[in-house]
Protein chains: 2
Amino acid sequence: MGKSESVFEHADALERGLLDIGRASTASGVSIKMIRHYEAIGLLTNVARTHANYRVYSDTDVHTLRFIKRARTLGFSMHDIRDLLALWQNKSRPSASVKKVAAGHMDELKKKIAGMQSMLTTLQHLTHNCHGDQRPDCPILDDLGGPA
Amino acid sequence: MGKSESVFEHADALERGLLDIGRASTASGVSIKMIRHYEAIGLLTNVARTHANYRVYSDTDVHTLRFIKRARTLGFSMHDIRDLLALWQNKSRPSASVKKVAAGHMDELKKKIAGMQSMLTTLQHLTHNCHGDQRPDCPILDDLGGPA
DNA sequence: GCTAAAGTCTGCCACCATTGGAGGGTCAAG
DNA sequence: CTTGACCCTCCAATGGTGGCAGACTTTAGC
């Protein structure tokens with residue numbers, strides 16, 4: 001059973017050290033838009049509300065937001081982050097599970113980097129041979145329109 | 001003034017060396033879905049139709065589709081491809097214009113590669129120190145949930 | 001206490017490139 | 001004439017994020 005949601009007056013909440021969404025955004029570095037989005041997709045649950053229906057965030061919530069932000073910075077997908085959050089909140093997780101998620105993401109990164117590096121290398125060859133002046137002949141277009 | 005669209009019977013069109021969308025897809029390597037999409041966004045214009053409203057493709061159309069596919073393979077955005085197609089079809093373009101588009105894309109690629117490489121390096125450090133066994137302590141989660 | 005500004009709420013649209021499906025029409029072979 | 005393979009159009013979804021509109025609340029100044 002999750003902890004139940006609470007209802008506060010706005011001023012009361014701030015006195016108790018809770019944050020409205022603007023302050024939570026500043027404190028976590030996550031945009032207001034994305035904070036609401038993360039709640040909508042279930043990454044952040046049981047967010048309290050004031051009587052006026054304003055969202056109210058605890059330190060734990062802000063901590064979770066910073067976790068998500070850091071994970072996004074490292075390129076994890078929302079799907080991975082969902083898993084990582086569950087592992088983070090489960091204090092008896094095996095570290096192997098975490099490492100597995102990270103390893104999967106690293107494989108993805110390596111593939112993407114290799115793909116882009118391959119594009120880049122090809123483009124470097126093509127542009128190396130392109131005059132880049134007023135003349136119309138151009139090995140880049142020759143390649144794109146080529147018979148391959 | 002673009003060349004006007006023509007209307008054929010399906011069998012007639014095939015006899016004249018024209019292709020229906022399925023054959024154009026096979027010949028170009030572009031999916032049927034994407035062929036229609038490229039037409040919808042204006043990359044492929046003046047596509048002929050049969051009486052039954054089936055699309056009919058000329059060799060030139062298929063050549064254009066292969067151009068687009070090759071450009072996508074090299075990671076160009078649809079926006080860039082629009083420009084590249086116009087340059088390709090303009091036989092008096094300056095090669096400098098083509099090179100400029102390519103250079104811009106290469107800069108994008110370099111930035112993305114650098115970003116991903118940075119993520120990867122960080123993850124390699126973190127996973128290097130993670131036991132990856134049944135124990136719960138994990139430097140990956142420590143980093144994500146850390147005070148930074 | 002009144003007003004104006006700033007903050008928040010929900011909901012919808014846009015991006016990029018691609019894929020999928022529904023529901024219907026058409027062509028060719030048996 | 002039926003069957004199956006093809007084609008048509010239209011709509012929706014993906015993943016993350018930003019933007020705007022219209023309505024409400026809170027706060028600050030007077």
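Chain naming here is simple, since letters A, B, ... match the order of the sequence lines and numbering starts at 1 in each. Just so you know, these numbers come straight off a predicted model, no measurement behind them. Values below: all heavy atoms of this structure, side chains included; hydrogens, waters and symmetry mates excluded.
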Check whether any side-chain nitrogen or oxygen of [X] sits under 4.0 Å from OP1 or OP2 of [N], and answer yes or no.
X       : N      : answer
A:Arg36 : C:dC9  : yes
A:Arg49 : C:dT10 : yes
A:Ser77 : D:dG15 : no
A:Arg55 : C:dT8  : no
A:Thr50 : D:dT25 : no

Rounded to the nearest angstrom, tell me the gap between atom [atom1] in [X] and atom [atom2] in [N].
X       : N      : atom1 : atom2 : answer
B:Ile35 : D:dC6  : CD1   : P     : 14 Å
A:Asn53 : C:dC9  : CG    : C1'   : 7 Å
A:Ile41 : D:dT14 : CD1   : P     : 11 Å
A:Asp80 : D:dG15 : CG    : P     : 12 Å
A:Tyr54 : D:dT25 : OH    : C1'   : 4 Å
B:Ile21 : D:dT9  : CD1   : C1'   : 12 Å
A:Ile68 : D:dG15 : CD1   : C1'   : 15 Å
B:His51 : D:dC7  : NE2   : C1'   : 17 Å

- prompt: Does the salt bridge (charged side-chain N to carboxylate O under 4.0 Å, His left out) test come out yes or no for B:Arg135 and B:Asp133, once each step is laid out?
  reply: CA-CA 6 Å; B:Arg135 285 172 289 174; B:Asp133 56 17; 2.7 Å; yes

- request: Give a yes or no answer on whether the side chain of B:Lys99 reaches the backbone of A:Thr127 with a donor-acceptor pair at less than 3.5 Å.
  value: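 Side chain of B:Lys99 to backbone of A:Thr127, a donor-acceptor pair under 3.5 Å: yes, one is there.
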
message: For A:Leu120, is there any backbone N or O sitting under 3.5 Å from a side-chain donor or acceptor partner on B:His105?
response: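 Not a single qualifying donor-acceptor pair exists.
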
Just checking [X]: base, sugar-phosphate only, or nothing, at a heavy-atom cut-off of under 4.0 Å?
X       : value
B:Phe76 : nothing
A:His79 : nothing
A:Arg72 : sugar-phosphate

- request: I would like to know whether B:Asp61 and B:Thr64 meet side chain to side chain donor-acceptor pair (under 3.5 Å); could you show each step before the answer?
  value: CA-CA 5 Å; B:Asp61 292 331; B:Thr64 301; 5.4 Å; no

Base C:dG21 to side chain B:Lys33, donor-acceptor N/O within 3.5 Å cut-off: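 When only heavy-atom distances are counted, B:Lys33 does reach the base of C:dG21 through a donor-acceptor pair under 3.5 Å.
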
- request: Examine the base of D:dG16 for any acceptor or donor lying under 3.5 Å from a partner atom in the side chain of A:Tyr38, and report the outcome as yes or no.
  value: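 Flag unset: no donor-acceptor pair detected.
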
field: Trace of the side chain to side chain contact (heavy atoms under 4.5 Å, CB included) decision for A:Phe76 with B:Met119
entry: CA-CA 10 Å; A:Phe76 284 102; B:Met119 293 173 184; over 6 Å; no

message: I want to verify a distance call: between D:dG16, D:dT26, C:dT8, whose nearest atom is closest to the A:Ile32 side chain?
response: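 Taking heavy atoms from C-beta onward, the closest nucleotide is C:dT8.
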
